[in-house]
Amino acid sequence: MYLDHAATTPISAPALAALTSVITRSGNPSSLHGSGRRARATVEAARETIAAAAGAHPTEVIFTSGGTEADNLAVKGLFWSRRDAEPARTRILVSSVEHAAVQDTVEWLEKHEGAEAVWLPVHADGTLDLAALEKELADGGADSVALLSCMWANNEVGTIQPIAEVVALAGRHGIPVHSDAVQAFGSIPVDFRESGLAAMSISGHKIGGPVGVGALLLGRAVKLTPVQHGGGQERTVRSGTLDTAGIAAFAAAAADVTGNLAAESARIAGLRDDVIAAVRRLVPEAVLRGADPAVNPAGRLPGNAHFTFPGCEGDSLLFLLDMAGIESSTGSACTAGVPRPSHVLLAMGLDEDTARGAQRFSLGHTSTPEDVDAFAAALPDAHARAKTAGMAAHVSSIETASTFR
Ligand SMILES: Cc1ncc(COP(=O)(O)O)c(C=O)c1O
C-alpha cells in the first residue's frame with residue numbers, strides 16, 4: 001500500500017502513452033531537418049499544454065530536469081541578475097520551511113556569493129507569518145533585497161501558503177517572488193499569471209509524469225542569469241538538449257491532472273480525512289501537524305496527512321509499517337543515513353524529540369479506500385512496537401550521555 005505520493009507518484013496512463021510513443025522517435029528539437037522539426041513540434045505542443053495547465057503563456061515555460069533544477073535556476077538566477085544590476089541587493093527573504101532545493105541553494109549563495117538570508121518565521125500550522133514579512137520590508141531593508149522565495153505548499157506538512165498576500169507585500173517594494181509549486185501544481189488550483197509571481201517551479205514526477213523533467217515558469221520581463229551554459233536553448237536561460245519524450249509525457253500528465261482537478265482532489269481529500277480519522281481513533285495521542293482540514297479545508301493539500309507520534313522515532317515507525325506492507329515517509333530528508341529532526345517542524349515550534357516522531361502519509365491518483373483500510377489494520381501494532389523501540393532508544397541514549405558526563 002503506497003502512502004508516499006508526495007515523494008513521487010506512479011506514472012499516469014496518458015503520460016505513459018505519450019512517453020512510449022515519443023521515445024521511439026529520434027530527432028533533436030534544435031535540428032533543422034524533418035526529424036528535428038517533428039521533435040520541435042512535439043515540444044512546442046507540450047509547452048502550450050503545460051502553459052494552459054499552469055495559467056502561463058507558452059513563452060513563460062522553461063523546461064528543466066525537474067523541481068530541484070527549477071528551484072536552483074530561479075533562486076540563483078534571480079539573485080545574480082538583481083545583484084549585478086544593483087550591488088546592494090544581497091538579501092534573500094525566504095520562508096523557513098522550504099524544501100532543500102531552495103533552502104540549500106540559499107545557503108550555498110550565502111557561503112559562496114555573499115548573499116544574506118533572512119529566514120522568515122512561520123506560525124504553528126506552518127503558514128508564513130505575514131506580519132513578520134511586512135515588518136521586515138517596512139524596516140527599511142527592502143532596498144537590499146534581491147528576491148523573496150516562498151513555497152506554494154509544503155512537502156512535509158501540506159500547509160498551503162498565502163501566496164497572493166506574499167506577492168502583494170513584496171510587490172509594494174518591487175521585489176520579485178519565486179514560489180516552489182512542486183507539491184501544489186496538479187493538486188490544488190495554481191495559476192501563474194494570476195499569482196503575480198516572477199518565477200514558479202513545477203515537477204513532472206509529482207503529478208504522474210516521468211522523473212527527470214520539470215519546468216520553471218518565468219515571467220517574460222523577468223531577467224535571470226543562467227546557471228548552466230551551452231547551446232542556449234530555452235530563451236538562453238537553460239541550455240541543454242530538450243528531453244522530447246519526457247516533456248511530452250509531462251504535458252500529458254499535466255493535462256490529465258488539471259482537467260479533472262476538482263473531482264479528483266475532493267476524492268483524495270476524502271481518503272486523506274479517513275487516514276486522519278483512523279490515526280486519531282487508533283492512536284489518540286498522535287498529533288496532526290499543519291492545518292486541520294476540519295477547521296480550514298483550504299489550508300492543507302488534499303493528499304497530505306502528517307502526524308507526530310509521541311515517544312516514537314519516525315524511522316522506526318516507517319520501517320515497521322513497511323514490514324506490514326504500508327509505505328510512508330518521515331517527510332524529511334536524512335543526510336548520509338543520519339536522521340535529523342525536520343527543520344520544518346522545528347520552525348513550526350516543535351522541540352526536537354517531538355519532531356523526531358514525524359510520519360507523513362500522502363495519497364494520490366492510485367489511492368483507494370482499501371489502502372486506508374490496510375493502513376488502519378497495520379497501524380496499531382506498528383505503533384506499539386515503534387513506541388517500545390523508541391523508549392528503549394531514549395533510555396539507552398540517556399545512559400550513554402550519563403556514561404560520558
Ligand atoms: C516542494 C518540493 N520542491 C522541490 C522538489 C524537488 O523536485 P524534483 O524531485 O523534481 O527535483 C520536491 C521533491 O521532493 C518538493 O517536494
Side-chain angles (χ1 to χ4, degrees), residues 2-12 15 50 54 61-77 94-108 122 126-128 149-161 163 166 177-188 190 197 199-217 227-228 238 240 243 246-247 249-251 253-254 257 290 300-306 327-335 342-345 347-348 358 360-364:
Y2 188 68
L3 292 180
D4 199 15
H5 288 261
T8 194
T9 198
I11 194 159
S12 65
I50 300 235
V61 179
I62 309 283
F63 287 116
T64 66
S65 63
T68 301
E69 189 194 333
D71 284 341
N72 270 264
L73 180 55
V75 174
K76 290 177 183 158
V94 57
S95 96
S96 47
V97 293
E98 293 299 310
H99 186 272
V102 168
Q103 191 189 35
D104 288 15
T105 301
V106 171
E107 286 173 356
W108 185 89
V122 296
T127 49
L128 193 78
S149 188
C150 178
M151 67 201 325
W152 200 302
N154 185 264
N155 47 299
E156 292 185 31
V157 294
T159 299
I160 298 169
Q161 296 294 354
I163 291 298
V166 172
V177 181
H178 161 252
S179 184
D180 175 339
V182 165
Q183 293 287 338
F185 179 60
S187 184
I188 53 172
V190 165
L197 289 167
M200 183 177 100
S201 308
I202 56 176
S203 172
H205 73 107
K206 307 288 185 179
I207 65 163
V211 180
V213 62
L216 182 68
L217 304 183
V227 172
Q228 65 190 43
R238 195 272 184 178
D243 169 11
I247 287 169
F250 179 24
V257 283
R300 182 173 207 112
L301 286 176
N304 176 292
H306 181 290
E327 297 180 325
S328 62
S329 166
T330 58
S332 63
C334 64
T335 310
S342 145
H343 71 280
V344 172
L345 296 178
M348 287 161 60
R360 177 186 71 188
F361 310 106
S362 54
L363 301 123

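Whatever order the structure lists them in is the order used to number ligands and atoms, beginning at 1.
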Q | Contacts of H205 that satisfy ring-ring contact (aromatic ring centres under 6.0 Å, His included) - sequence neighbours left out | A | none

Q) To the nearest 0.5 Å, what is the distance between NE2 (H99) and CG (D104)? A) 9.5 Å

**Q.** Contact check, side chains of V61 and L217, non-hydrogen atoms, under 4.5 Å
**A.** yes

Expected rows: ligand 1 N/O, protein N/O, dist below 3.5 Å:
residue	atom	partner	partner atom	Å
ligand 1	3 (N)	D180	OD1	3.3
ligand 1	3 (N)	D180	OD2	2.6
ligand 1	9 (O)	H205	NE2	2.8
ligand 1	10 (O)	G67	N	2.8
ligand 1	10 (O)	S203	OG	2.6
ligand 1	10 (O)	H205	NE2	3.4
ligand 1	11 (O)	G67	N	3.4
ligand 1	11 (O)	T68	N	2.9
ligand 1	11 (O)	T68	OG1	2.6
ligand 1	14 (O)	H99	NE2	3.3
ligand 1	14 (O)	K206	NZ	2.7
ligand 1	16 (O)	Q183	NE2	2.7

Q.
Within this structure, what is the CG-NE2 distance for the pair L345 and H306, rounded to the nearest 0.5 Å?
A. 4.5 Å

Q | Verdict with reasoning, D243 to F63, per side-chain contact (heavy atoms from CB on, under 4.5 Å) | A | CA-CA 9 Å; D243 169 11; F63 287 116; over 6 Å; no

Q) Regarding H343 and S96, is there a side-chain donor-to-acceptor distance under 3.5 Å anywhere? A) no

